[in-house]
Amino acid sequence: MKEIASNKKARHDYYIEESIEAGISLLGSEVKSLRLGNVNLKDSYAVIKDNEIFLIGAHISPYKMGSHYNPDPRRMRRLLLHKSEILKLKSKVNEKGYTLVVTRLYFKDALVKAELGLAKGKEGRDKRKDIQERDEKRESERAIKEAYAKGGR
C-alpha cells in the first residue's frame with residue numbers, strides 16, 4: 001500500500017475509536033493528480049446522506065495536464081461501503097459526539113482507498129495532555145541516547 005496523504009490533525013483533534021477502509025469514487029484526472037500527491041485532507045470529514053457516505057472538504061488539486069473540464073477541487077466525493085457498514089456507522093454517528101473523519105488516503109493495488117475513522121472530539125485539556133506525554137517521551141529517549149553516547153551502557 002502506497003500512502004498518498006494522511007490527516008495528522010485528525011489524530012490531534014479526535015480520539016479515533018474505530019477505522020474502516022472505504023473505496024472512493026473519483027474521476028480519471030483526480031486519480032492522476034493523487035498519483036502526484038496533490039491532495040489536502042486537513043479539513044475533510046464524511047457525512048451520511050440518504051444511506052450513502054460522502055467525503056466533504058478534501059482538496060484534490062486539478063491535474064495540470066488535464067483539459068479545462070477538470071472537476072471542482074472541493075467537490076463532494078462518494079465513499080463506497082457495504083450497506084450494512086453504512087447502517088452501523090449511521091447508528092454510531094447518531095450518538096452524541098461521534099463524527100466520521102478521513103485519516104488517510106492510499107493506493108491498494110490500483111485502487112484509491114480512504115481510511116475513515118469513527119472519532120470523538122477531544123477537549124483542550126486532552127490535547128495538552130497528549131502534547132505533554134509526547135514531550136516527556138522525547139525527553140526520556142534523549143536522556144537514554146545521551147547516556148549511551150557517554151559510554152554508560
Side-chain angles (χ1 to χ4, degrees), residues 1-139 141:
M1 291 188 299
K2 180 187 172 207
E3 187 169 296
I4 302 168
S6 64
N7 189 353
K8 294 178 184 172
K9 189 172 181 183
R11 299 226 182 259
H12 181 263
D13 291 342
Y14 299 98
Y15 292 115
I16 307 295
E17 295 188 2
E18 186 179 341
S19 294
I20 298 161
E21 179 182 77
I24 183 168
S25 179
L26 297 170
L27 300 175
S29 62
E30 291 177 320
V31 176
K32 290 179 180 182
S33 186
L34 285 177
R35 290 196 187 279
L36 297 174
N38 297 330
V39 64
N40 183 1
L41 295 175
K42 187 176 177 185
D43 296 324
S44 62
Y45 61 97
V47 293
I48 300 172
K49 189 195 283 186
D50 299 328
N51 290 332
E52 291 183 330
I53 297 184
F54 293 97
L55 173 64
I56 297 176
H59 185 278
I60 299 177
S61 299
Y63 184 57
K64 301 271 189 244
M65 306 299 186
S67 66
H68 59 281
Y69 295 112
N70 279 333
D72 180 33
R74 287 207 172 265
R75 74 180 182 92
M76 284 183 15
R77 294 166 181 92
R78 189 167 162 235
L79 295 175
L80 309 172
L81 287 167
H82 290 283
K83 188 172 186 176
S84 61
E85 293 174 321
I86 294 172
L87 293 175
K88 185 176 106 175
L89 288 174
K90 188 175 184 179
S91 68
K92 291 273 188 165
V93 169
N94 287 338
E95 290 181 27
K96 185 181 178 202
Y98 282 103
T99 187
L100 288 172
V101 181
V102 178
T103 55
R104 66 187 187 120
L105 287 178
Y106 56 93
F107 284 108
K108 186 174 183 182
D109 298 326
L111 303 174
V112 178
K113 299 289 183 176
E115 184 179 90
L116 283 176
L118 186 64
K120 196 166 199 166
K122 286 185 183 179
E123 295 179 10
R125 62 178 176 262
D126 296 332
K127 294 177 191 177
R128 288 191 297 272
K129 181 179 163 194
D130 287 347
I131 292 170
Q132 183 180 8
E133 288 174 0
R134 187 177 60 226
D135 289 343
E136 289 172 357
K137 182 179 175 188
R138 190 178 301 137
E139 287 293 326
E141 289 174 356

For the OH atom on Tyr63, are there more than 12 heavy atoms of other groups (residues, nucleotides or ligands in this structure) within a distance under 6.0 Å?
yes
Side chain to side chain contact (heavy atoms under 4.5 Å, CB included), that's the test. Do Ser44 and Ile56 meet it? Break it down for me.
CA-CA 6 Å; Ser44 62; Ile56 297 176; over 6 Å; no
Would you sort out whether Lys120 and Tyr14 count as a side chain to side chain contact (heavy atoms under 4.5 Å, CB included), showing the intermediate values?
CA-CA 5 Å; Lys120 196 166 199 166; Tyr14 299 98; over 6 Å; no
Could you go through Val93 and Thr99, starting from their C-alpha distance and side-chain angles, then the distance that decides it, and tell me whether this counts as side chain to side chain contact (heavy atoms under 4.5 Å, CB included)?
CA-CA 6 Å; Val93 169; Thr99 187; 6.0 Å; no
By salt bridge (Lys or Arg N to Asp or Glu O under 4.0 Å) - contacts of Arg138 (at least two apart):
Asp135
Under the 3.5 angstrom rule, does the side chain of Asn7 hit a backbone N or O of Arg104 as a donor-acceptor pair?
no
Can you check side chain to side chain donor-acceptor pair (under 3.5 Å) on Tyr98 and Glu18, steps first, answer last?
CA-CA 11 Å; Tyr98 282 103; Glu18 186 179 341; over 6 Å; no
A quick test of your reading: do over 12 heavy atoms of other residues, nucleotides or ligands sit less than 6.0 Å from CZ of Arg75?
yes
Hey, mind stepping through Leu116 and Thr103 against side chain to side chain contact (heavy atoms under 4.5 Å, CB included) and telling me if it holds?
CA-CA 6 Å; Leu116 283 176; Thr103 55; over 6 Å; no
If you measure from the Lys or Arg side-chain nitrogens to the Asp or Glu carboxylate oxygens, is any gap between Glu17 and Lys92 under 4.0 Å?
no
Output the distance between atom CG (Asn51) and atom CD1 (Ile86), rounded to the nearest 0.5 Å.
7.0 Å
Atom CD in Glu136, atom CD1 in Ile131: separation rounded to 0.5 Å?
12.5 Å
